[in-house]
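Please read all numbers here as calculations on a predicted model, not as lab measurements. Just so it is clear: chains get the letters A, B, ... in the order the sequence lines come, proteins before strands, and each one is counted from 1.
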Amino acid sequence: MSLVTPSGLDSPLVIDIENITKDYVMGEEIVHALRGVSLQIRSNEYLAIMGPSGSGKSTLMNMLGCLDTPSSGRYEFNGRDVSSMADDELASIRNREIGFVFQTFNLLPRADSLHNVELPLVYAGVDPETRRERAAHVLREVGLGDRLYHKPNELSGGQRQRVAIARALVNDPSIILADEPTGNLDSKTGDEIMALFENLYRRGHTIILVTHEADIANHARRTVRLRDGIIESDDDGFGGIENLPVEDPLPGDAVVYR
Amino acid sequence: MKRFLYELSESWKIAAAQMRSNKTRSTLTALGVIIGIVAVTLMGTAIGGIQVGFDKSMAIFGDDVLYVSQWPWKRVDDWWNFRDRKKIKTEYAEPINRIIDATPNSNLVIAVPTSSLLRSVKYGQSEVSNVLIRGTVSDYLITSTFDFQEGRFFNDVESRGGANVCVIGYDVADALFPSESPIEKSVLINGQPFRVVGVISRQGTFLGLFSLDSIVVMPLPAFHKYFSAKSDSDILVKVKDKTKLAEARDELTGVMRRVRGLSPEKKDDFSINEQQALKSTLDPIKNSIAIAGLFITGLSLFVGAIGIMNITFVSVKERTREIGTRKALGARRRTILLQFLIESTSLCLLGGFIGLGVAYLMCTGIGKAFPSFPIQFSLSLVIVSMAVSILTGLFSGFAPAWSASRLDPVAALRYE
């Protein structure tokens, strides 16, 4: 049982965005979804991106997740310039460096938990035995050791999201990118999921939450607010973790430590 | 390379799961391919069967034997010119053989006279009608390709003496002697007893049209004695080197003109036929069957392919979010392309297997019901139809799979 030391300014930069813009052509007019955003995210940060709809929050998330490339500006991920990468290179970055958690879970309906969690490893070219082992391991870590062979429709919403989190973790990514992870869950289950994120953070993971709910964003140590395609405020309370009693039992904690 | 294999096996799994969960839809879609493959296979067996039956029938005539006859073996528009030709006589064989023997380096080996007509054959209470009764000489064996199931052919002495002996075909033996050996028994033809000395083993049918086993062969003098009227005679001439058939033919034409005593300005009043002539009359028929068959087959397969293409498009549309998720998790374009190609191909292969099974059952059924119908179910046909299934799957799956692989992950993830 070991906790990774909280991040500070000396942690390595994972994400370095400089002045990126994104324009969409919608019919006749051009929509400026992002109008020049600069953002730096270090390893083991817990960051929330907030903003009302239309603020460019989703667009920024797609950029951060390497699902899309900016119209202009520079984006370096772990020191590699990804702003002009081709589709398949981006796919490889997503596969190895980014763990996605979606609001709607996005599990494969006909595959059991194990198979769902294995999927990123299939695309990474990991052999079947290791795949199985690692998938089972992370599923146990998120408290689903007894649900390995359940299909999504045999699981509760909270359990499905745990499978999705396990899937995000299985490739040991540089960041976990969660898009409204509690949006489809009741508040109690939502709290459990947030506790899980808290735990992952304390174990050294870098977590980026995208949300419009303030009380969800409150779990993060740093909050970036977007409005009209630019950053309105960046409340980076570094060291926030020192103020938290680490030994506090977390609500609904189901995480088993390594 | 390893990653490719893993992706491949993942795609197989997904495809299988997809088919399992959409049983009705998959079955209905595969039905198009099933029908296509049944058509391909049946057409293949029919064409193969015709080919084999044809070759087998042709072999009976021997590809190194020339037939001197009154009529040519092809359609003639001026039949009246042939009708009044002098009949071919079995006696020509003797002078032909004399000339052959006297010609140094002759391309011809021997001439054998035959004379045939149809009669009934009786034994006890049993009777077979429309049996080809053929009179010939013991040298007939040189020009023919058959084996004996029992006994022997009549010998030279019996042949010259015109003994009342005969060799019977398989069908005749089967009908008259179902449970005993025909050897040394006497059959009645035209009220005359003929002692059976041999049974020819089964020859099959000529193009499935008539049996070649409904035959009785006897010495020519005996034949002349009892059946001289209304018989058709041919002279069979064996060729030394079948690669020099044209020269042999020219030589034989010259010999026949000498035998008939035709002056140089007169036209031939006989025809020299060969197996090849039959082939050239039957080839166009065979080809048009094949072309028509391929066209119908191609059409039904094409319809099946469109069905597969349609269902794959539907599948891509339905699973847009899944594609988005897979892309987010690191699936590359190639991976997605492969996945849908495998789905369409396995659907086609499933249809192919079922279609092949159905076709096999149908072939067996037809073979049982109509034993004379030429049917040939071969391994190469299985391979061809499997290959056709796979190609159909790739062809019909490509467009939808391509469009899936090109989906923008952001738009795909947001798709409702």
Side-chain angles (χ1 to χ4, degrees), chain A residues 22 24 33 58-69 86-112 115-131 151-153 164 167-168 170-171 173 177 179, chain B residues 1-23 25-26 315-340 342-343 346 401-416:
Chain A
K22 184 68 184 182
Y24 292 111
S58 297
T59 309
L60 181 58
M61 185 198 69
N62 292 337
M63 297 294 149
L64 292 175
C66 294
L67 289 164
D68 207 349
T69 48
D87 274 16
D88 283 351
E89 286 176 290
L90 289 174
S92 157
I93 296 272
R94 291 196 294 270
N95 182 242
R96 281 155 213 277
E97 308 283 9
I98 301 165
F100 287 91
V101 179
F102 302 96
Q103 180 178 359
T104 49
F105 322 136
N106 292 21
L107 300 175
L108 301 188
R110 277 178 279 281
D112 59 22
H115 187 185
N116 263 296
V117 176
E118 273 185 46
L119 203 55
L121 299 176
V122 172
Y123 297 142
V126 177
D127 68 272
E129 263 170 55
T130 318
R131 237 153 56 190
K151 302 246 168 89
N153 59 9
R167 182 177 67 185
V170 75
N171 248 356
L177 191 57
D179 180 18
Chain B
M1 189 61 216
K2 241 164 88 178
R3 178 158 71 177
F4 181 74
L5 286 179
Y6 297 152
E7 285 176 359
L8 206 68
S9 89
E10 164 76 9
S11 300
W12 277 118
K13 264 189 240 165
I14 300 283
Q18 202 61 27
M19 281 197 275
R20 269 201 302 277
S21 60
N22 293 318
K23 281 195 191 79
R25 190 165 92 180
S26 306
S315 186
V316 168
K317 205 80 186 159
E318 271 179 357
R319 288 152 69 200
T320 302
R321 290 243 302 204
E322 182 195 314
I323 297 166
T325 307
R326 285 175 183 276
K327 288 202 156 191
L329 298 181
R332 294 180 296 172
R333 285 180 171 174
R334 189 191 68 193
T335 318
I336 302 289
L337 184 79
L338 194 71
Q339 185 187 327
F340 283 95
I342 284 180
E343 288 196 28
S346 41
W402 181 257
S403 76
S405 75
R406 295 271 136 181
L407 279 176
D408 172 20
V410 174
L413 276 170
R414 212 174 282 154
Y415 184 83
E416 294 293 337

Specify the closest pair of heavy atoms between [X] and [Y], including all atoms of both residues, with the distance to one decimal.
{"X": "A:Y123", "Y": "B:G330", "answer": "CB-O, 3.8 Å"}
{"X": "B:Y6", "Y": "A:V122", "answer": "O-CG1, 3.9 Å"}
{"X": "B:R414", "Y": "A:S58", "answer": "NH2-CB, 4.5 Å"}
{"X": "A:D88", "Y": "B:R333", "answer": "OD1-N, 3.2 Å"}

Exercise. Looking only at heavy atoms, which of residues 100-109 of chain A get nearer than 4.5 Å to chain B?
Worked result: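 Within residues 100-109 of chain A, near chain B: A:F100, A:F102, A:T104, A:N106, A:L108.
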For this session: Output the option from B:A331, B:G324, B:S9, B:P409 having the highest count of non-hydrogen pairs under 4.5 Å with chain A.
Result: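 The residue among B:A331, B:G324, B:S9, B:P409 with the greatest pair count is B:A331.
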Problem set entry | Between B:R20, B:R326, B:Q18, B:E322, the one whose heavy-atom pairs under 4.5 Å with chain A are most numerous |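 Ranked by contacts with chain A, first place is B:R326.
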For this session: Go through the atoms of A:N171 and report whether side chain, backbone, both or neither lie under 4.5 Å from a heavy atom of chain B.
Result: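 Nothing of A:N171, per the 4.5 Å heavy-atom cut-off to chain B.
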Exercise. For A:A124, is it the side chain, the backbone, both or neither that has a heavy atom under 4.5 Å from a heavy atom of chain B?
Worked result: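 Backbone only.
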Let me confirm one number: the [atom1]-[atom2] distance from [X] to [Y], rounded to the nearest 0.5 Å.
{"X": "A:N62", "Y": "B:L413", "atom1": "CG", "atom2": "CG", "value": "8.0 Å"}
{"X": "A:L67", "Y": "B:K327", "atom1": "CG", "atom2": "NZ", "value": "10.5 Å"}
{"X": "A:L121", "Y": "B:E10", "atom1": "CG", "atom2": "CD", "value": "11.0 Å"}

Problem set entry | Whether B:R332 side chain and A:A91 backbone form a donor-acceptor pair below 3.5 Å |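 Such a contact is absent between B:R332 side chain and A:A91 backbone.
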For this session: Name the region of B:I14, side chain, backbone, both or neither, that has any atom closer than 4.5 Å to a heavy atom of chain A.
Result: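 Looking at B:I14, just its side chain touches chain A.
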